[in-house]
Amino acid sequence: EVQLVESGGGSVSSGGSLTLSCAASEYSIKTYCMGWFRQVPGRAPQGIAVRDSAGRTEYADSVKGRFTLSQDNAKTTLYLHMNNLKPEDTSTYYCAADYRPLPDTCVISGILSLAYKGQGTQVTVSS
């Protein structure tokens, strides 16, 4: 079983930046679909971004142009770089991953179906 550990959450002012990290216990996540979703208590989870096994990325419209995914050279950690943060970005952010060697099977709409999920990290943006 793959374990995912998120870090990097915190409190920032509107317009600020944060980078979240998702460290995977797997030797390599190269053939994995990995991404982030967020959830506010009482509301449905929202897919934010995914990266497929070919390295292609997809972003939700609400974060496009502000959030960017990257991966370390060892391919065991996925990062979510968040810029120009807004109060509506306040949420608990979760990392998700699953073995998906076929890129077409890795889409934002399917992020909640990924088998492995982390415990979450809180991001709070004040106005």
Side-chain angles (χ1 to χ4, degrees):
E1 180 173 335
V2 177
Q3 294 186 338
L4 304 173
V5 178
E6 303 103 333
S7 62
S11 297
V12 296
S13 298
S14 183
S17 300
L18 282 174
T19 294
L20 305 183
S21 301
C22 174
S25 61
E26 188 71 2
Y27 174 75
S28 172
I29 54 175
K30 206 164 40 173
T31 54
Y32 277 66
C33 173
M34 286 190 75
W36 294 85
F37 67 96
R38 64 189 181 188
Q39 187 170 23
V40 174
R43 299 178 66 176
Q46 179 191 18
I48 295 301
V50 291
R51 178 205 59 83
D52 68 21
S53 60
R56 294 175 300 191
T57 54
E58 180 186 0
Y59 299 93
D61 287 344
S62 60
V63 305
K64 204 173 290 183
R66 299 188 298 123
F67 291 11
T68 305
L69 289 172
S70 69
Q71 191 174 357
D72 69 350
N73 289 335
K75 302 191 185 302
T76 58
T77 301
L78 184 73
Y79 301 96
L80 180 67
H81 305 278
M82 305 185 296
N83 297 314
N84 191 23
L85 283 161
K86 304 175 181 181
E88 52 263 41
D89 294 318
T90 295
S91 188
T92 302
Y93 285 71
Y94 299 88
C95 180
D98 202 352
Y99 178 68
R100 300 278 178 92
L102 299 177
D104 290 348
T105 62
C106 183
V107 293
I108 276 187
S109 59
I111 192 168
L112 295 181
S113 70
L114 300 184
Y116 308 110
K117 297 176 179 68
Q119 294 299 306
T121 185
Q122 178 68 33
V123 172
T124 302
V125 185
S126 58
S127 57

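Hydrogens, waters and symmetry mates play no part in the numbers below; they use all other heavy atoms, side chains included. All of these numbers come straight from a predicted model, not from anything done at the bench.
- Heavy-atom minimum distance, W36 versus L69: CD1-CD2, 3.6 Å.
- Side chain of S91 to main chain of Q39: a donor-acceptor pair is present (N/O by atom type, distance under 3.5 Å, no hydrogens or angles).
- Atom CD in Q71 sits 6.0 Å away from atom CG in L78 (nearest 0.5 Å).
- Smallest separation of non-hydrogen atoms from Q3 and S25: N-OG, 2.8 Å.
- Although no hydrogens or angles enter the test, the distance criterion places a donor-acceptor pair under 3.5 Å between the side chain of E6 and the main chain of C95.
- T90 places a side-chain N or O within 3.5 Å of a backbone atom of V125 that can act as its donor or acceptor partner.
- L85 and Y79 sit in two unconnected hydrophobic clusters of ILVMFWY residues. Membership requires side-chain heavy atoms under 4.5 Å apart, directly or through other members.
- Within the 3.5 Å criterion, the main-chain N or O of V5 finds no donor-acceptor partner in the side chain of Q119.
- Transitive grouping of hydrophobic side chains (ILVMFWY, heavy atoms separated by less than 4.5 Å) keeps V63 and V107 in distinct clusters.
- Judged purely by atom type and a 3.5 angstrom limit, S53 uses its side chain to pair as donor or acceptor with the backbone of P101.
- Side-chain atoms of D98 do not come within 3.5 Å of backbone N or O of C33 as any donor-acceptor pair.
- Side-chain contact between F67 and D89: present, with at least one pair of heavy atoms (C-beta onward) separated by less than 4.5 Å.
- Between the R38 side chain and the Q122 main chain, no donor and acceptor come within less than 3.5 Å of each other.
- Annotation: the span from L18 atom CG to H81 atom NE2 amounts to 12.0 Å, rounded to 0.5 Å.
- With a 4.5 Å cut-off between side-chain heavy atoms of Ile, Leu, Val, Met, Phe, Trp and Tyr, the cluster of I108 takes in F37, V50, Y94, I111, L112, L114.
- Distance OG/S70 to CG/L80: 8.5 Å, rounded to 0.5 Å.
- Here the straight-line distance linking atom CG of L102 with atom OG1 of T31 works out to 10.5 Å at 0.5 Å rounding.
- Surrounding CD of E88 are more than 12 heavy atoms belonging to other residues, nucleotides or ligands, all under 6.0 Å away.
- Across all non-hydrogen atoms, the minimal contact from M82 to L20 is CE-CG, 3.7 Å.
- What you find for P87 and S14 is that their closest heavy atoms are CD-OG, 3.8 Å.
- In summary, K64 and D61 engage in a salt bridge, as defined by a charged side-chain N under 4.0 Å from a carboxylate O.
- Remark: T77 OG1 to M34 CE distance equals 8.0 Å, nearest 0.5 Å.
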Starting from the C-alpha separation in whole Å, work towards a yes-or-no answer on side chain to side chain donor-acceptor pair (under 3.5 Å) for Q46 and S62. CA-CA 10 Å; Q46 179 191 18; S62 60; 3.1 Å; yes
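- The structure places CZ of R100 at 4.5 Å from OG of S113, a figure rounded to the nearest 0.5 Å.
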